[in-house]
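In what follows, chains are A, B, ... by sequence order, proteins preceding strands, each numbered from 1. The figures here come from the full heavy-atom set of this structure, side chains too, leaving out hydrogens, waters and symmetry mates.
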Amino acid sequence: MPELPEVETVRRGLAPAMEGARISAVTTRRADLRFPLPLDLARSLTGRTITSIGRRAKYLLIETEGAPLLISHLGMSGSFRIEQMEGAITPGQFHHARGKDEKHDHVVFDLKHADGRGYRVVYNDPRRFGFMLFADEERMHPMLSALGVEPTGNAFDGAMLADLLRGKNTPLKSALLDQRLIAGLGNIYVSEALWRAGISPLRTAGSIVPKRVAAGSRPDRLAQAIRAVIAEAIEAGGSSLRDHRQADGSLGYFQHSFAVYDREGQPCQHPECKGTVQRIVQAGRSTFYCSQCQR
DNA sequence: ACATAGACCTGTTGGC
DNA sequence: TGCCAACAGGTCTATG
């Protein structure tokens, strides 16, 4: 499912329910997702107060007072949903209104706020490519420390992108998916950004780097296209093709704005272009592009 | 260093 | 209608 915009959408949905809440219970319904869940997941988190819900690339970062940083990745099909308990929790009350358990609900966080609000936050993941891990004491983890630049950051521009791609013979599409270079892009937004920038996914990464990276050069256009498509997708609540839902259950709608992704055979949307959207396979994954205007 | 293929899983879709 | 292959937003591993 989720690339950076979808994960950011989930983060924004979870934050109001989770930040400031005390974790009253953690329930695991199975011992593993993609990797074994930490054996001490419930023991370490129960009783802790959540201080912030962050994001790095496609990872959610759940920070508490006292426990190690919890890293959560949604894989292809992971989602969180928030169930609100009815009314304030009173002593002795044990029966809370809540949704039914669903298939593939794997981890449940019971949360209580000081003002009496109570929530269940449920992690559901049919394919179980997602995972949850604790980072070590330095709040780092090999999976985080290897990540490249955040494409939403201020430093990400044409010059930086050119530096990342220079000299690489790998296809541009593959380089843009490499999380060690740029962290957070996935299959959808790479295709969309390349179409916006008018650059072929088949070019080698290094071949788009000119001697001088001026405004309007390929790396400059591509960096701007990446920034724009990511920002627009976040604004739209992400793209809901199959699995992605915001934490409140609503769908994202950026899929309606796709120019090429999942649009094989449709006319290219560039005004003067007579081309048709092609689907090809690169490194085992679909790429969508217009061979007329993407060179 | 780099390219490709396979692995992990379940669910949905499209063609016959 | 049923069956089965292909495919899906990710990323790690093995192999050349």
Side-chain angles (χ1 to χ4, degrees), chain A residues 1-11 29-37 55-60 71-80 102-106 123-133 141-148 151 164-194 201-207 226 229-230 232-234 236-246 251-258 260-265 279-288:
Chain A
M1 158 181 82
E3 307 180 30
L4 190 159
E6 288 73 35
V7 179
E8 176 60 21
T9 298
V10 170
R11 188 199 70 75
R29 301 276 168 73
R30 53 178 300 131
D32 61 325
L33 299 172
R34 175 168 180 186
F35 307 121
L37 288 164
R55 180 191 60 74
R56 172 76 169 101
K58 304 175 191 174
Y59 295 82
L60 286 169
I71 300 169
S72 170
H73 195 292
L74 302 174
M76 290 281 266
S77 60
S79 64
F80 280 95
E102 290 177 22
K103 201 174 180 184
H104 307 302
D105 286 349
H106 303 311
Y123 180 71
N124 182 284
D125 189 353
R127 296 178 73 179
R128 302 199 304 275
F129 287 170
F131 51 86
M132 291 185 196
L133 297 170
H141 188 279
M143 286 175 166
L144 297 182
S145 54
L147 290 171
L164 293 169
L165 301 179
R166 186 173 289 116
K168 293 207 164 15
N169 284 314
T170 193
L172 181 55
K173 161 89 184 305
S174 304
L176 295 175
L177 284 177
D178 186 341
Q179 302 297 298
R180 297 168 302 181
L181 301 177
I182 303 164
L185 297 182
N187 216 32
I188 292 176
Y189 299 108
V190 165
S191 280
E192 292 297 316
L194 285 168
L202 295 165
R203 295 183 68 114
T204 64
S207 74
I226 289 169
V229 75
I230 294 286
E232 289 169 32
I234 291 171
S239 302
S240 291
L241 267 53
R242 278 161 277 275
D243 300 307
H244 170 62
R245 283 182 177 270
Q246 306 187 39
L251 299 171
Y253 54 89
F254 192 73
Q255 66 277 11
H256 303 302
S257 301
F258 290 169
V260 288
Y261 186 85
D262 219 7
R263 298 255 185 277
E264 183 181 16
R279 175 185 175 275
I280 60 171
V281 175
Q282 292 180 285
R285 313 196 64 199
S286 293
T287 301
F288 298 88

Checklist entry - With sugar-phosphate meaning primed atoms plus P, OP1 and OP2, does Asn169(A) contact a base, only sugar-phosphate, or nothing at under 4.0 Å between heavy atoms? => result sugar-phosphate

Next on the checklist: Counting C-beta onward and ignoring hydrogens, is there a side-chain heavy-atom pair between Leu176(A) and Leu194(A) closer than 4.5 Å?
Outcome noted: yes

Next on the checklist: Rounded to whole Å, how long is the line connecting atom CG of Asp178(A) with atom P of dC2(B)?
Outcome noted: 9 Å

Checklist entry - Of the non-hydrogen atoms in Asp125(A) and Gly78(A), which two are nearest, and what is the gap between them? => result OD1-N, 3.5 Å

Checklist entry - Name the one of Arg11(A), His244(A), Lys58(A) that satisfies side chain to side chain contact (heavy atoms under 4.5 Å, CB included) with Glu6(A)? => result His244(A)

Checklist entry - Which part of the nucleic acid, if any, lies within contact of Gly186(A), taking any heavy atom under 4.0 Å across all strands shown: a base, the sugar-phosphate backbone alone, or nothing? => result sugar-phosphate

Item to check | Distance-only polar pair, side chains of Arg279(A) and Ser286(A), donor-acceptor under 3.5 Å | outcome: yes

Checklist entry - In whole angstrom, what separates Glu3(A)'s CD from dT11(C)'s C1'? => result 13 Å

Checklist outcome for this item: Between NZ of Lys173(A) and P of dG10(C) the distance, given in whole Å, is 9 Å

Item to check | Nucleotide of dT11(C), dA3(B), dG10(C) approaching Thr170(A) most closely (side-chain heavy atoms) | outcome: dA3(B)

Item to check | Whole angstrom value for the distance that separates P of dA1(B) from CZ of Arg166(A) | outcome: 19 Å

Item to check | Sugar-phosphate, base or nothing in reach of Ser286(A), heavy atoms under 4.0 Å | outcome: sugar-phosphate

Checklist outcome for this item: With sugar-phosphate taken as primed atoms, P, OP1 and OP2 and all else as base, the protein-contact string of nucleotides 11-16 of chain B at under 4.0 Å (heavy atoms; B, S, -) is S-----

Next on the checklist: I'd like the P distance from dC9(B) over to dC4(C), given in whole Å.
Outcome noted: 23 Å

Item to check | Centroid under 5.5 Å and tilt under 30°, Phe129(A) to dC8(B) | outcome: yes

Checklist entry - Between dA8(C) atom P and Leu177(A) atom CG, what is the distance in whole Å? => result 13 Å

Next on the checklist: Taking only the C1' atom of each, what is the distance from dC8(B) to dC3(C) in whole angstrom?
Outcome noted: 25 Å

Next on the checklist: The side chain of Met143(A) is closest to which nucleotide in this list: dC12(C), dA8(C), dG10(C)?
Outcome noted: dC12(C)

Checklist entry - Rounding to the closest angstrom, what is the interatomic distance between dT1(C) and dT10(B) at atom P? => result 27 Å

Checklist outcome for this item: note: Arg279(A), atom CZ; dC7(C), atom C1'; distance rounded to Å ~ 8 Å

Checklist entry - To the nearest Å, how far apart are Arg34(A) CZ and dT10(B) P? => result 15 Å

Checklist entry - Below 4.5 Å, heavy atoms only, C-beta onward: do Ile188(A) and Asp262(A) meet side chain to side chain? => result no

Next on the checklist: Rounding to an integer number of Å, can you tell me how far Glu264(A) CD sits from dA8(C) C1'?
Outcome noted: 15 Å

Checklist entry - Does a side-chain N or O from His73(A) land closer than 4.0 Å to OP1 or OP2 of dT11(C), or not? => result yes

Checklist outcome for this item: Separation between CG (Asn187(A)) and CD (Glu3(A)), nearest 0.5 Å, reads 7.0 Å

Next on the checklist: Out of the candidates Tyr261(A), Tyr189(A), Tyr253(A), only one should pair with Ser239(A) under the side-chain hydrogen bond (donor to acceptor under 3.5 Å, both in side chains) rule; please name it.
Outcome noted: Tyr189(A)

Next on the checklist: Between Ser77(A) and dC9(B), is there a contact of a side-chain N or O with OP1 or OP2 at under 4.0 Å?
Outcome noted: no

Checklist entry - When you check the phosphate oxygens OP1 and OP2 of dC2(B), does a side-chain N or O of Lys168(A) lie under 4.0 Å from one of them? => result no

Item to check | Candidates dC12(C), dA3(B), dG10(C) - which lies nearest the side chain of Pro171(A) | outcome: dA3(B)

Next on the checklist: Please report the interatomic distance OG1(Thr170(A)) to CD(Gln282(A)), rounded to the nearest 0.5 Å.
Outcome noted: 9.5 Å

Item to check | Counterpart base for dT11(C), defined by Watson-Crick or G-U wobble contacts under 3.5 Å | outcome: dA7(B)

Next on the checklist: Please confirm whether the shortest side-chain N or O distance from Arg128(A) to OP1 or OP2 of dT10(B) is below 4.0 Å.
Outcome noted: yes

